[in-house]
Amino acid sequence: MGGDRIEKASILLAGSDLAKSFGGVRAVSGVSFQLREGELLGIIGPNGSGKTTLVNLITGFLKPDAGRVHYRGRDITGWAPYKIVGLGIARTFQMVRPFYQLPAYKNLVVPLYSPRVKAMTGGKYGERDSVALDLLEEVGFERDSYVSYKVASSLPQGYLKRLELAKSMALRPDLLILDELFSGLSLAEVASIVPIIEKLRYQGKTIIMIEHRLKELFRIADRIMVLNYGEKIAEGSSDQVMESEAVKKAYLGSET
Ligand SMILES: Nc1ncnc2c1ncn2[C@@H]1O[C@H](COP(=O)(O)OP(=O)(O)OP(=O)(O)O)[C@@H](O)[C@H]1O
Ligand SMILES: [Mg+2]
């Protein structure tokens, strides 16, 4: 990592020497990275390589055994998730987590009532239900189909993933972390979500995308970081990382 000096002011998020073990499993081991404001960083790696654990370390769902997380130059290591959300870091979950009994749009009530949104809007959100419906429309819930009013338990995976995205967008984050948003979706569904992510970037959001759908990720990511057995084994442009011998080796035999 010696060579890549980046102007300090533009770094939004930095992890240094992060480590987390579960029993004997070193899920994340000595991982350092930096993320510039406005950047889209892709994180890839075989199953079990530590991607979700790294997200949990950044977002406060897990405390690291070692290492630090800095956001806007501030040490946020070990902060509680709700405090980290308050700073403007939102995430989606690989396993969707809706309130299944509630209509889709009511799922957005929790983030829309969050202290962060309250503070940012000065209490003037507009009518919450209509804000929720607008957000769902933005992520592809067709306004005329009434799908936004259906209980989450009745929605197919494609909509649940979109709902997950809308929940994180409702928090008005500066940094969005998307953990396998595309998994379980058809090519057509992925193609319809990509422009939403591109739009978020034009709005100035910084994004981390964890993905197994490499083709789609490589098209939109600025930079790729590769994990394997908890360690960072490569970082750079998509071409650079795919040319790396360590990456070829990691993916051979471990991916179907
Ligand atoms: N809460 C936990 N308790 C015990 N082991 C865990 C826990 N969470 C993750 N692990 C282990 O840590 C390692 C990394 O898991 P992690 O979920 O971070 O990988 P991942 O890269 O996100 O994988 P995937 O691509 O399948 O989502 C795995 O060996 C996993 O079994
Ligand atoms: Mg994962």
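The structure displayed is predicted, hence computed values, not measured ones. Atoms within a ligand are numbered from 1 in the order they appear, just like the ligands themselves.
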Q) Any N or O on G50 sitting closer than 3.5 Å to an N or O of ligand 1? A) yes
(Q) Evaluate G48 for polar contact with ligand 1, using N/O atom pairs at a separation under 3.5 Å. (A) yes
(Q) Using side-chain heavy atoms (C-beta onward) and a distance below 4.5 Å, is E198 in contact with Q203? (A) no
**Q.** R36 side chain reached by L12 side chain, heavy atoms, under 4.5 Å
**A.** no
Q: Establish whether L214 and V241 are linked, either directly or via other cluster members, by ILVMFWY side-chain heavy-atom contacts under 4.5 Å.
A: yes
(Q) Can you tell me which portion of N47 lies within the under-4.0 Å heavy-atom range of ligand 1? Options are side chain, backbone, both, or neither. (A) both
(Q) Tell me whether ligand 1 is touched by S49 - counting only heavy atoms on the residue side and a distance under 4.0 Å. (A) yes
Q. Salt bridge check: are R72 and D174 linked by an N-O gap of less than 4.0 Å?
A. yes
Q) Got a salt bridge between E164 and K167, using NZ or NE/NH1/NH2 to carboxylate O under 4.0 Å? A) yes
Q.
Using a 6.0 Å distance limit plus a 45 degree cone around the ring axis, check whether R97 lies over the aromatic ring of F93.
A. yes
Q: Check whether NZ of the Lys or CZ of the Arg R162 lies under 6.0 Å from the centre of the six-membered ring of F141 and within 45 degrees of that ring's axis.
A: no
Considering heavy atoms of the protein only, find what lies nearest to [atom] and give residue, atom and distance to 0.1 Å.
atom: atom 21 (O) of ligand 1; answer: K51 NZ, 2.8 Å
atom: atom 1 (N) of ligand 1; answer: F22 CE2, 3.7 Å
atom: atom 29 (O) of ligand 1; answer: V25 CG1, 3.6 Å
atom: atom 27 (O) of ligand 1; answer: Q94 NE2, 2.8 Å

Q | Modelled atom types, side-chain donor and acceptor of S237 and D239, under 3.5 Å | A | no
Q. Knowing that exactly one of Q94, E211, R213 qualifies, which makes a side chain to side chain contact (heavy atoms under 4.5 Å, CB included) with L181?
A. E211
Q. Among L176, I220, D179, I224, which one satisfies side chain to side chain contact (heavy atoms under 4.5 Å, CB included) with M209?
A. I220
Q: Pick out which of R91, K20, K63 makes a side-chain hydrogen bond (donor to acceptor under 3.5 Å, both in side chains) with N56.
A: R91
Q: Everything protein-side that's N, O or S and under 2.8 Å from the Mg ion (ligand 2): list it, residue and atom.
A: T52 OG1, Q94 OE1
(Q) Suppose I only count heavy atoms of A27 and a 4.0 Å limit; which atoms of ligand 1 are within that range? (A) 12 (O), 13 (C), 14 (C)
Q) Which atoms of ligand 1 sit under 4.0 Å from any heavy atom of E180? A) 24 (P), 25 (O), 27 (O)
Q) Given T53, D179, L62, L227, which has its nearest heavy atom closest to atom 16 (P) of ligand 1? A) T53
Q) Between I43, V55, T52, which one has a non-hydrogen atom sitting closest to atom 22 (O) of ligand 1? A) T52
Q.
Protein heavy atoms near atom 31 (O) of ligand 1, is at least one of them under 4.0 angstrom away?
A. no
Q: Determine which pairs satisfy ring-ring contact (aromatic ring centres under 6.0 Å, His included) with at least one residue from residues 169-194, sequence neighbours left out, and list them in order.
A: none
